[in-house]
Amino acid sequence: MNIGFIGGGNMAQALMGGLAARHADTTFVVVEPHAPTRAIVSRFIHGAVLRDVPSADLGGCEAVVIAVKPQHFHEAATSIARWVGGSLVVSIAAGIRTGEIARWLAVDGVAPWIVRAMPNTPALIGEGITGLFAMPSVDEAGRTLAERLLASVGQTLWVDDEARLDGVTAVSGSGPAYVFSFIEALEQGGIELGLSADDARRLAVATFVGASKLASASEEPIAVLRERVTSKGGTTHAALTQMSESGCHAAIVKAIHAAAKRSAEMGDEFGSAT
Ligand SMILES: NC(=O)c1ccc[n+]([C@@H]2O[C@H](COP(=O)([O-])OP(=O)(O)OC[C@H]3O[C@@H](n4cnc5c(N)ncnc54)[C@H](OP(=O)(O)O)[C@@H]3O)[C@@H](O)[C@H]2O)c1
């Protein structure tokens with residue numbers, strides 16, 4: 001495969017690393033304006049890492065991934081429009097909708113195939129999960145190619161309504177930050193109880209990894225797994241009662257809604273460019 005990347009930052013590097021590891025014959029054409037980032041990318045991929053679009057042979061790519069921040073997306077998309085007519089274009093930017101991307105990429109009224117993807121940072125170690133949405137015009141070959149790209153860094157999940165990507169963004173795209181926040185709180189509690197910082201971190205992270213693997217291996221509702229470690233009057237019960245009285249669960253659910261709302265707002269905000 002020959003894959004183009006517009007933007008060679010954190011998420012692009014995770015994807016390129018996964019692709020290079022799983023499909024050793026993959027070659028890349030990367031456009032990245034920032035010289036230090038170009039130097040990092042050049043070290044681990046086969047292909048060309050270039051400063052700007054005109055010097056890159058994007059027309060020879062089977063797929064082009066746009067991996068820039070939402071605020072740079074319009075500029076990046078319009079700069080590649082004339083080179084990507086026959087390619088699949090995969091956007092990993094939060095919020096920006098396929099209708100807008102198609103409008104920015106269309107040449108003579110014809111837009112390339114567009115798939116939106118929402119990966120997350122565990123992609124860096126091949127443990128990500130990516131939500132995917134394809135424009136109706138994308139055929140099976142296009143969906144298969146998009147899936148192949150994202151499956152190189154973890155699991156994939158298709159949604160058939162683009163608005164659901166706001167939910168995916170809120171749960172799994174931003175989700176690693178909530179998990180880190182929870183781990184930080186576990187760590188702090190351990191330190192306050194006299195554990196060393198190293199021990200508190202080790203206990204907190206291993207507990208999260210172990211509980212997550214248990215949840216992943218089980219088909220039972222998560223609530224059942226929780227109840228199984230919560231005997232009435234015991235230590236876990238004391239902790240969960242405190243969490244419930246503090247509105248912890250409700251606050252997390254509200255946080256997910258806030259993230260989804262922001263994702264939709266970003267679609268409006270950055271999608272209005274002409
Ligand atoms: N990080 C996450 O957890 C996550 C999860 C899911 C999706 N995403 C999405 O992934 C996208 C990239 O995020 P990131 O964290 O990888 O950002 P990042 O590390 O800032 O990478 C973006 C790169 O694109 C470069 N760039 C900017 N404008 C460009 C242009 N016109 N042409 C080519 N390259 C350009 C930037 O260069 P400069 O630094 O010089 O501007 C930067 O190196 C975002 O849209 C984000 O919504 C991120």
Side-chain angles (χ1 to χ4, degrees), residues 1-23 25-34 37-38 40-42 44-53 56-98 100-102 104-105 111-121 123-124 126 128-135 138 141-154 156 158 165 168-169 173 270:
M1 286 189 290
N2 188 27
I3 308 296
F5 274 84
I6 308 303
N10 295 315
M11 199 43 85
Q13 287 174 29
L15 288 174
M16 287 187 270
L19 278 168
R22 285 249 187 133
H23 306 284
D25 57 339
T26 310
T27 52
F28 298 92
V29 178
V30 184
V31 177
E32 165 57 54
H34 195 52
T37 309
R38 281 203 301 279
I40 293 168
V41 172
S42 303
F44 71 93
I45 61 141
H46 294 298
V49 187
L50 303 148
R51 217 178 110 210
D52 51 32
V53 171
D57 179 17
L58 293 173
C61 295
E62 288 148 84
V64 175
V65 180
I66 308 185
V68 302
K69 296 276 188 208
Q71 57 270 34
H72 296 138
F73 198 97
H74 173 255
E75 182 201 335
T78 50
S79 75
I80 64 168
R82 58 186 283 226
W83 314 103
V84 295
S87 311
L88 172 75
V89 172
V90 178
S91 162
I92 65 164
I96 299 176
R97 299 180 188 105
T98 50
E100 261 69 61
I101 303 171
W104 296 333
L105 290 176
W113 291 346
I114 297 158
V115 169
R116 258 182 80 188
M118 179 44 57
N120 64 4
T121 53
L124 284 164
I129 183 159
T130 300
L132 290 158
F133 170 78
M135 286 185 98
V138 178
R143 290 169 71 101
T144 303
L145 178 53
E147 172 135 5
R148 200 165 174 219
L149 296 182
L150 277 308
S152 68
V153 290
T156 56
W158 286 92
L165 278 186
V168 171
T169 304
F270 298 115

Using atom types as modelled, flag every donor-acceptor pair under 3.5 Å from a side chain in residues 78-88 to any protein atom, sequence neighbours excluded.
unit_1	atom_1	unit_2	atom_2	d
Thr78	OG1	His74	O	2.9
Thr78	OG1	Glu75	O	3.1
Ser79	OG	Ala76	O	2.7
Ser87	OG	Cys61	O	3.2

Give the minimum heavy-atom separation between [X] and [Y], together with the two atoms involved.
X	Y	answer
Glu62	Leu145	O-CD2, 3.7 Å
Trp104	Ala77	CB-CB, 4.1 Å
Leu132	Leu165	N-CD2, 4.3 Å
Pro112	Val89	CG-CG2, 3.9 Å
Leu124	Asn10	CD2-O, 4.3 Å
Pro70	Ile96	O-CD1, 3.6 Å

How many angstroms lie between [atom1] in [X] and [atom2] in [Y], if you round to the nearest 0.5 Å?
X	Y	atom1	atom2	result
Met16	Ile3	CE	CD1	11.5 Å
Lys69	Phe270	NZ	CZ	10.5 Å
Thr98	Trp113	OG1	CH2	15.5 Å
Ile101	Met135	CD1	CE	8.5 Å
Ile6	Leu58	CD1	CG	4.5 Å
Ile66	Ile92	CD1	CD1	10.0 Å

Task: Heavy-atom side-chain proximity of Phe5 to Leu15 below 4.5 angstrom - done: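 The answer is yes, as the side chains (C-beta and beyond) meet within the 4.5 Å cut-off.
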Open item on the list: Do Leu150 and Val90 make a side-chain contact, defined as non-hydrogen atoms from C-beta onward lying under 4.5 Å apart?
Closed with: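 The answer is yes; the side chains approach within 4.5 Å.
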TODO: Look only at the side chain of Arg38 and the backbone of Glu32, and say whether a donor-acceptor pair between them is shorter than 3.5 Å.
DONE: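 Side chain of Arg38 to backbone of Glu32: a pair is present.
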Open item on the list: Atom NE2 of residue position His23 - does it have more than 12 heavy atoms of other residues, nucleotides or ligands inside 6.0 Å?
Closed with: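 It does: His23 NE2 has more than 12 such atoms within range.
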Open item on the list: Determine whether Arg143 and Trp158 satisfy the following criterion, side chain to side chain contact (heavy atoms under 4.5 Å, CB included), listing intermediate values before the conclusion.
Closed with: CA-CA 10 Å; Arg143 290 169 71 101; Trp158 286 92; 3.8 Å; yes
Open item on the list: Under the side-chain contact (heavy atoms from CB on, under 4.5 Å) test against Val65, which residue among Leu19, Leu149, Val30 passes?
Closed with: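 With Val65 as partner, side-chain contact (heavy atoms from CB on, under 4.5 Å) holds for just one option, Leu149.
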Task: Partner residues of Arg148 under the salt bridge (charged side-chain N to carboxylate O under 4.0 Å, His left out) criterion, sequence neighbours left out - done: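 Arg148: no salt bridge (charged side-chain N to carboxylate O under 4.0 Å, His left out) contacts found.
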Open item on the list: Evaluate Val41 against Phe28 for side chain to side chain contact (heavy atoms under 4.5 Å, CB included), listing each step before the verdict.
Closed with: CA-CA 10 Å; Val41 172; Phe28 298 92; over 6 Å; no
